[in-house]
Amino acid sequence: YPTCEHTLARQAREAHMKRFCKAQAIQRRLEEIEVTFWELEQEGIKLEKLLRDENGSPADQQTQWTNQLLYLVQKKNSLMIEESDLMIAVQELKLEEQQWQLDKKLRSYMNREETLKTPEDCKAEQETLAQLLKVVNERNLLIHIQEEKRLSEL
């Protein structure tokens with residue numbers, strides 16, 4: 001079965017690289033969001049100063065500044081939602097990687113003949129299985145949270 005093992009190893013490497021690339025893209029976007037937060041904060045500070053200092057300015061000018069400030073708040077809120085989604089995606093990637101590692105470890109225990117397993121091996125196999133179930137449940141919870149979030153946004 002060397003061809004099958006080789007194919008599985010290649011697929012595992014490809015999946016690992018996909019997760020790595022996705023994690024890099026998420027990290028870049030989080031950094032962009034952080035910069036945008038800072039820019040929005042600076043714009044908001046300017047508008048607040050204008051609103052406080054310019055009591056003699058026309059009412060329509062103050063209305064325009066207020067609308068701009070509200071737009072900035074709305075944009076910041078949408079970025080916070082996106083950031084929250086990305087953080088969930090990061091957690092999901094971490095759990096996916098953990099699941100892959102634990103699955104690999106569990107397969108190595110399960111591929112051994114029962115007669116060759118020591119009591120420590122059996123205990124380690126059970127612990128690995130318990131950890132794997134915990135990770136799967138955590139991933140399921142994240143998916144449930146994302147689904148609830150998606151439904152609440154609709």
Side-chain angles (χ1 to χ4, degrees), residues 1-49 51 65-154:
Y1 300 77
T3 306
C4 183
E5 289 177 10
H6 178 70
T7 302
L8 288 174
R10 182 179 47 78
Q11 288 174 345
R13 281 193 307 273
E14 288 173 2
H16 178 73
M17 286 307 295
K18 267 183 158 176
R19 286 190 298 273
F20 181 73
C21 290
K22 190 174 180 181
Q24 282 184 323
I26 289 171
Q27 184 61 39
R28 277 193 301 274
R29 183 61 188 140
L30 286 171
E31 289 169 0
E32 290 170 2
I33 288 173
E34 187 176 329
V35 168
T36 307
F37 272 153
W38 186 83
E39 291 169 351
L40 291 175
E41 189 69 32
Q42 297 308 308
E43 280 185 64
I45 289 170
K46 285 184 207 172
L47 288 170
E48 282 183 38
K49 284 182 181 178
L51 283 169
W65 290 335
T66 304
N67 287 339
Q68 287 176 344
L69 192 60
L70 290 174
Y71 172 76
L72 292 177
V73 169
Q74 186 180 32
K75 195 170 181 179
K76 189 173 181 181
N77 286 341
S78 69
L79 285 173
M80 288 176 72
I81 290 169
E82 183 182 358
E83 183 181 40
S84 170
D85 290 343
L86 290 172
M87 295 307 289
I88 289 172
V90 165
Q91 187 63 28
E92 191 173 356
L93 283 173
K94 285 180 183 176
L95 290 172
E96 192 176 324
E97 183 68 24
Q98 275 183 323
Q99 182 178 346
W100 180 78
Q101 294 288 340
L102 289 168
D103 189 47
K104 184 179 168 185
K105 188 176 178 181
L106 185 61
R107 283 177 200 250
S108 72
Y109 285 124
M110 294 176 89
N111 285 337
R112 295 181 192 164
E113 270 191 54
E114 288 295 323
T115 56
L116 299 176
K117 289 182 184 178
T118 64
E120 291 82 19
D121 289 340
C122 292
K123 183 179 178 184
E125 181 179 345
Q126 291 301 314
E127 288 173 0
T128 303
L129 181 60
Q131 289 173 339
L132 183 61
L133 289 173
K134 181 182 173 201
V135 168
V136 168
N137 287 333
E138 287 176 10
R139 283 187 71 194
N140 188 38
L141 180 63
L142 279 179
I143 291 168
H144 182 72
I145 289 169
Q146 285 176 318
E147 186 63 20
E148 280 184 355
K149 195 173 180 183
R150 185 186 67 79
L151 291 173
S152 71
E153 288 172 1
L154 293 176

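Below, all heavy atoms of this structure are taken into account, side chains as well, without hydrogens, waters or symmetry copies.
By the 4.5 Å heavy-atom criterion applied to side chains, M87 and L30 are counted as neighbours. In this structure, the side chains of Y71 and K75 come closer than 4.5 Å at one or more pairs of heavy atoms. The side-chain heavy atoms of R19 and K22, taken from C-beta on, include no pair separated by under 4.5 Å.
Distance check: L93 CG to R139 CZ gives 9.0 Å after rounding to the nearest 0.5 Å. From L40, atom CG reaches atom CG of L69 across 11.0 Å, with rounding to the nearest 0.5 Å. A distance of 12.5 Å separates CG of L79 from OG of S84, quoted to the nearest 0.5 Å. Note that NZ of K94 is 12.0 Å distant from CD of E97, once rounded to the nearest 0.5 Å. Within the model, atoms CG of N140 and CG of L95 stand 11.0 Å from one another, a figure rounded to the nearest 0.5 Å. Here the CD-OG distance, from Q74 to S78, works out to 7.0 Å after rounding to the nearest 0.5 Å.
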Before giving the answer on salt bridge (charged side-chain N to carboxylate O under 4.0 Å, His left out), spell out for E153 and K149 the whole-Å C-alpha distance, their side-chain angles and the decisive distance to 0.1 Å. CA-CA 6 Å; E153 288 172 1; K149 195 173 180 183; 5.1 Å; no
Would F20 and Q24 count as a side-chain contact (heavy atoms from CB on, under 4.5 Å) here? Give the steps. CA-CA 6 Å; F20 181 73; Q24 282 184 323; 3.4 Å; yes
Stepwise side-chain contact (heavy atoms from CB on, under 4.5 Å) check, E92 with I143: CA-CA 8 Å; E92 191 173 356; I143 291 168; 4.3 Å; yes
With side-chain contact (heavy atoms from CB on, under 4.5 Å) as the test, would you mind laying out the steps for K76 and E41 before giving the verdict? CA-CA 9 Å; K76 189 173 181 181; E41 189 69 32; 3.0 Å; yes
Assess whether side-chain contact (heavy atoms from CB on, under 4.5 Å) is satisfied between V73 and N77, documenting all intermediate values. CA-CA 6 Å; V73 169; N77 286 341; 3.9 Å; yes
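Residues meeting the side chain to side chain donor-acceptor pair (under 3.5 Å) test with R29, sequence neighbours left out: E32, E82. Among residues two or more places apart in sequence or in another chain, the side chain to side chain donor-acceptor pair (under 3.5 Å) test is passed with R13 by none.
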Got a list of side-chain donor-acceptor pairs under 3.5 Å for residues 124-137, not counting sequence neighbours?
{"from": "E125", "atom 1": "OE1", "to": "K117", "atom 2": "NZ", "distance (Å)": "2.6"}
{"from": "T128", "atom 1": "OG1", "to": "A124", "atom 2": "O", "distance (Å)": "2.8"}
{"from": "N137", "atom 1": "ND2", "to": "L133", "atom 2": "O", "distance (Å)": "3.2"}

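Heavy atoms from other residues, nucleotides or ligands lying under 6.0 Å from NZ of K123 number 12 at most. Within a 6.0 Å radius of CD in Q42, other residues, nucleotides and ligands contribute more than 12 heavy atoms.
The pair K46-E43 does not meet the salt-bridge criterion, since no charged nitrogen lies less than 4.0 angstrom from a carboxylate oxygen.
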